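In this text the structure is predicted, and so the values were computed from the model without any measurement. Each chain gets a letter, A, B and so on, in the order the sequences are listed, and its residues count up from 1.
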2 protein chains.
Amino acid sequence: MNFSTSEENYIKAIYHLQHSTELVTTNELAAELQTKAASVTDMLKKLKAKKILNYEPYQGFTLSEEGRKVALGIVRKHRLWEYFLVQNLGFGWDEVHEIAEELEHINSPILIEKLDAYLSFPKFDPHGDPIPDINGKMEVTKQINLIDLELNREAEVSAVGSQSTELLELLRHKNIGIGTVLEVIRKFSFDNSIEIRIKNFPPFSISQQLAQTLFVNPVYGSTIVGSIS
Amino acid sequence: MNFSTSEENYIKAIYHLQHSTELVTTNELAAELQTKAASVTDMLKKLKAKKILNYEPYQGFTLSEEGRKVALGIVRKHRLWEYFLVQNLGFGWDEVHEIAEELEHINSPILIEKLDAYLSFPKFDPHGDPIPDINGKMEVTKQINLIDLELNREAEVSAVGSQSTELLELLRHKNIGIGTVLEVIRKFSFDNSIEIRIKNFPPFSISQQLAQTLFVNPVYGSTIVGSIS
DNA sequence: ATTAAAATTTAGACAAATCTAAATATTTTT
DNA sequence: AAAAATATTTAGATTTGTCTAAATTTTAAT
């Protein structure tokens, strides 16, 4: 099935809101999309008719299985284009969101597969968010500085960003390795450093540069992994 | 000023039709866009109000100076994307038109300038059509096999596609060089060979491979060159 | 368990882009 | 130069996505 740009924007917004609150409400969605509640209701009816939503009037709504697949497809396109814009065209990571908002609505599956191959199948976009693969699968892993404190505080280190001796020296000094479980205590916006604690030890802080090389899986907080096809 | 996707499609179609007939008519445009004459009239009024068209009811129409600049900007985007799709993503030249029809409506001047630079400022798209530069200027030159026999038959060789000894050997044998004036007599669709004549000599034919390396300027046939900004 | 407040939906309107059918203008034919 | 044929425009309707204002439902407060 095909969707209009407007329908796609609704589906994507619902997908993102569901990450924090399972049941999404009309007003939340209106705020997210900078539109009016009445407009949202109209679109909800349309998406329900297309079997994209589980929706009963006044009761809130969630994406259907089909809806989640559509959403993952849009997220895939958005993040692949962002990667291209930063990595190949030389944009800054903070300049690409709006352009990707347009590019994500280009409708050509073969284009996206060729782009993915051209970029060598990246797993994370320039903001550190995971890129779903063609089946909707994506890494649960994220950079530790991107952990959402509202959702998860504990995370297990699953990979490090490079094998440089400088990085490994620092990690050994801090007693961090693959498998280490960390609790994120606080983030400081001044220098993007974060304070963390390894179980049974006193807290300490790590720099932005180090945080960006630590890829972690949330210990609870099941970021759900699914499939598009 | 900004234009909707639909407005842009009308502007581009009028631009292309103007290449064959100076004054464009409502029915021609309706046929080109696969729509109805009544719909065209509606849009003509809109574009006239936006000063894109010279249009008097029942009298046909042409793009205004402003309209031509807008059209050249759209053509520029279309052809740059086609170049990217073929050269970088590995599409065949016959597979990219539809995708470029979508991509050409992405509205980000900086994106197009970065893409142009990334592609090293190509002057021709994969079909051999010239790509307008940021000011709307483009080569009048085209591959000789793309000469439109309805418009021009005589053309002057202005460049050859490579300096390989094999090519130069063939060109010397055929007596073709920079500045040679050729008359295109006929095209054969079976093998895409074309029959040409050098003034005062008997006609002979050249292969598709050779034709694609011969860049020519029409001798009469004023393909108009303009500026966007 | 009412009432008050907040959230959501319905009703009716609007702009953009399209269509069909009817009216009008232009061009061609005789 | 009038009639016939063709081209173009107008009038009125339709779809999509949006809005405001009014009505309804749910939730929270007393």
Side-chain angles (χ1 to χ4, degrees), chain A residues 1-14 17-18 20-63 67 70-71 74 101-102 104-107, chain B residues 1-14 17-18 20-63 67 70-71 74 101-102 104-107:
Chain A
M1 197 170 343
N2 277 332
F3 299 92
S4 70
T5 295
S6 191
E7 287 171 331
E8 289 193 347
N9 284 334
Y10 273 85
I11 293 168
K12 190 182 50 153
I14 296 166
L17 286 174
Q18 271 195 271
S20 19
T21 52
E22 181 57 20
L23 246 206
V24 183
T25 67
T26 304
N27 268 357
E28 272 171 19
L29 186 49
E32 175 81 11
L33 291 170
Q34 315 220 72
T35 184
K36 297 300 152 74
S39 309
V40 171
T41 302
D42 290 342
M43 184 59 90
L44 294 179
K45 287 191 217 157
K46 240 177 99 183
L47 292 178
K48 179 180 180 170
K50 289 193 173 187
K51 300 192 191 295
I52 294 305
L53 283 184
N54 307 119
Y55 165 57
E56 289 307 321
Y58 295 102
Q59 300 310 134
F61 44 91
T62 58
L63 289 176
V70 175
I74 301 166
E101 289 283 300
E102 288 196 54
E104 75 190 1
H105 300 296
I106 300 291
N107 178 27
Chain B
M1 198 171 346
N2 276 331
F3 299 93
S4 70
T5 295
S6 190
E7 287 171 332
E8 288 193 347
N9 283 335
Y10 273 86
I11 294 168
K12 189 181 51 152
I14 295 166
L17 287 174
Q18 271 195 268
S20 17
T21 51
E22 181 57 19
L23 246 205
V24 184
T25 68
T26 304
N27 267 357
E28 271 170 20
L29 186 50
E32 175 80 11
L33 291 170
Q34 314 220 68
T35 184
K36 297 299 153 71
S39 309
V40 170
T41 301
D42 289 343
M43 184 60 88
L44 294 179
K45 287 191 218 159
K46 241 178 98 184
L47 293 178
K48 177 180 181 170
K50 289 193 174 188
K51 300 195 192 290
I52 293 305
L53 282 185
N54 307 118
Y55 165 57
E56 289 307 322
Y58 295 103
Q59 300 310 133
F61 44 91
T62 58
L63 289 176
V70 174
I74 301 167
E101 289 283 299
E102 288 195 54
E104 74 189 4
H105 300 296
I106 300 291
N107 178 26

**Study point:** Shortest side-chain distance from B:Lys45, nucleotide among C:dT18, D:dC19, D:dT10
**Key:**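 Nearest listed nucleotide: D:dT10.
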Starting at atom [atom1] of [X], determine the distance to atom [atom2] of [N], rounded to an integer number of angstrom.
{"X": "A:Asn9", "N": "D:dT16", "atom1": "CG", "atom2": "C1'", "answer": "14 Å"}
{"X": "B:Asp42", "N": "C:dA16", "atom1": "CG", "atom2": "C1'", "answer": "10 Å"}
{"X": "B:Glu56", "N": "C:dA25", "atom1": "CD", "atom2": "P", "answer": "15 Å"}
{"X": "B:Leu29", "N": "D:dT8", "atom1": "CG", "atom2": "P", "answer": "10 Å"}
{"X": "B:Leu44", "N": "D:dT10", "atom1": "CG", "atom2": "P", "answer": "11 Å"}
{"X": "B:Glu7", "N": "C:dA15", "atom1": "CD", "atom2": "P", "answer": "16 Å"}
{"X": "B:Leu23", "N": "C:dT27", "atom1": "CG", "atom2": "P", "answer": "11 Å"}
{"X": "B:Leu47", "N": "C:dA16", "atom1": "CG", "atom2": "C1'", "answer": "13 Å"}

Within the pair [X] and [N], is there a side-chain N or O less than 4.0 Å away from OP1 or OP2?
{"X": "B:Thr25", "N": "D:dA7", "result": "no"}
{"X": "A:Ser4", "N": "D:dT16", "result": "no"}
{"X": "A:Thr41", "N": "C:dT9", "result": "yes"}
{"X": "B:Thr35", "N": "C:dC19", "result": "yes"}
{"X": "B:Gln59", "N": "C:dA25", "result": "no"}
{"X": "A:Tyr55", "N": "C:dT8", "result": "no"}
{"X": "B:Lys36", "N": "C:dT20", "result": "yes"}

Review point. Want to settle it: does A:Ser39 or B:Val40 sit nearer the 5' end of DNA chain D, counting the closest nucleotide to each?
Key: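 Counting from the 5' end, the first nearest nucleotide belongs to B:Val40.
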Check your understanding: How close do B:Ala13 and B:Leu33 get, heavy atom to heavy atom, and via which atoms?
Key ->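 Closest approach of B:Ala13 to B:Leu33: CB-CD2, 3.8 Å.
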Taking only nitrogen or oxygen atoms into account, show me every contact under 3.5 Å that the protein makes with nucleotides 21-24 of chain C, one pair per line with its distance.
none

Practice item. Answer whether the closest heavy-atom distance between the side chains of B:Val24 and B:Thr62 falls below 4.5 Å. Key: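 In short, these two side chains do not touch, never coming nearer than 4.5 Å.
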Check your understanding: In chain order, what residues pass the side chain to side chain contact (heavy atoms under 4.5 Å, CB included) check against A:Thr41, with sequence neighbours excluded?
Key ->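 Partners of A:Thr41 under the side chain to side chain contact (heavy atoms under 4.5 Å, CB included) test: A:Thr26, A:Lys45, A:Tyr55.
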Exercise for review: Could you tell me which residues satisfy side chain to side chain contact (heavy atoms under 4.5 Å, CB included) with B:Lys51, sequence neighbours excluded, listed by chain and number?
Suggested key: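 Not a single residue meets the side chain to side chain contact (heavy atoms under 4.5 Å, CB included) criterion with B:Lys51.
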**Study point:** Test side-chain hydrogen bond (donor to acceptor under 3.5 Å, both in side chains) applied to B:Asn9 and B:Glu32, B:His105, B:Glu101, the passing residue
**Key:**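 For B:Asn9, the side-chain hydrogen bond (donor to acceptor under 3.5 Å, both in side chains) test succeeds with only one of B:Glu32, B:His105, B:Glu101, which is B:His105.
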Taking only N/O atoms, report every protein-nucleotides 3-6 of chain C pair under 3.5 Å with atom names and distance.
none

Need one value for [X]: base, sugar-phosphate or nothing, where a base atom within 4.0 Å counts as base even if backbone is also close, heavy atoms only.
{"X": "A:Thr26", "result": "sugar-phosphate"}
{"X": "B:Tyr10", "result": "sugar-phosphate"}
{"X": "A:Ser6", "result": "sugar-phosphate"}

Practice item. Return the set of residues passing salt bridge (Lys or Arg N to Asp or Glu O under 4.0 Å) with A:Glu104 (not counting sequence neighbours), or none when no residue passes. Key: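 For A:Glu104 the salt bridge (Lys or Arg N to Asp or Glu O under 4.0 Å) partners, ignoring immediate neighbours, are A:Lys12.
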Exercise for review: Applying salt bridge (Lys or Arg N to Asp or Glu O under 4.0 Å), name anything that partners B:Glu102, two or more places apart in sequence or on another chain.
Suggested key: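 Salt bridge (Lys or Arg N to Asp or Glu O under 4.0 Å) list for B:Glu102, sorted by chain: empty.
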Report the residues that fulfil side-chain hydrogen bond (donor to acceptor under 3.5 Å, both in side chains) with [X], sequence neighbours left out, ordered by chain and then residue number.
{"X": "A:Glu56", "answer": "A:Lys48"}
{"X": "A:Asn27", "answer": "none"}
{"X": "B:Lys36", "answer": "none"}

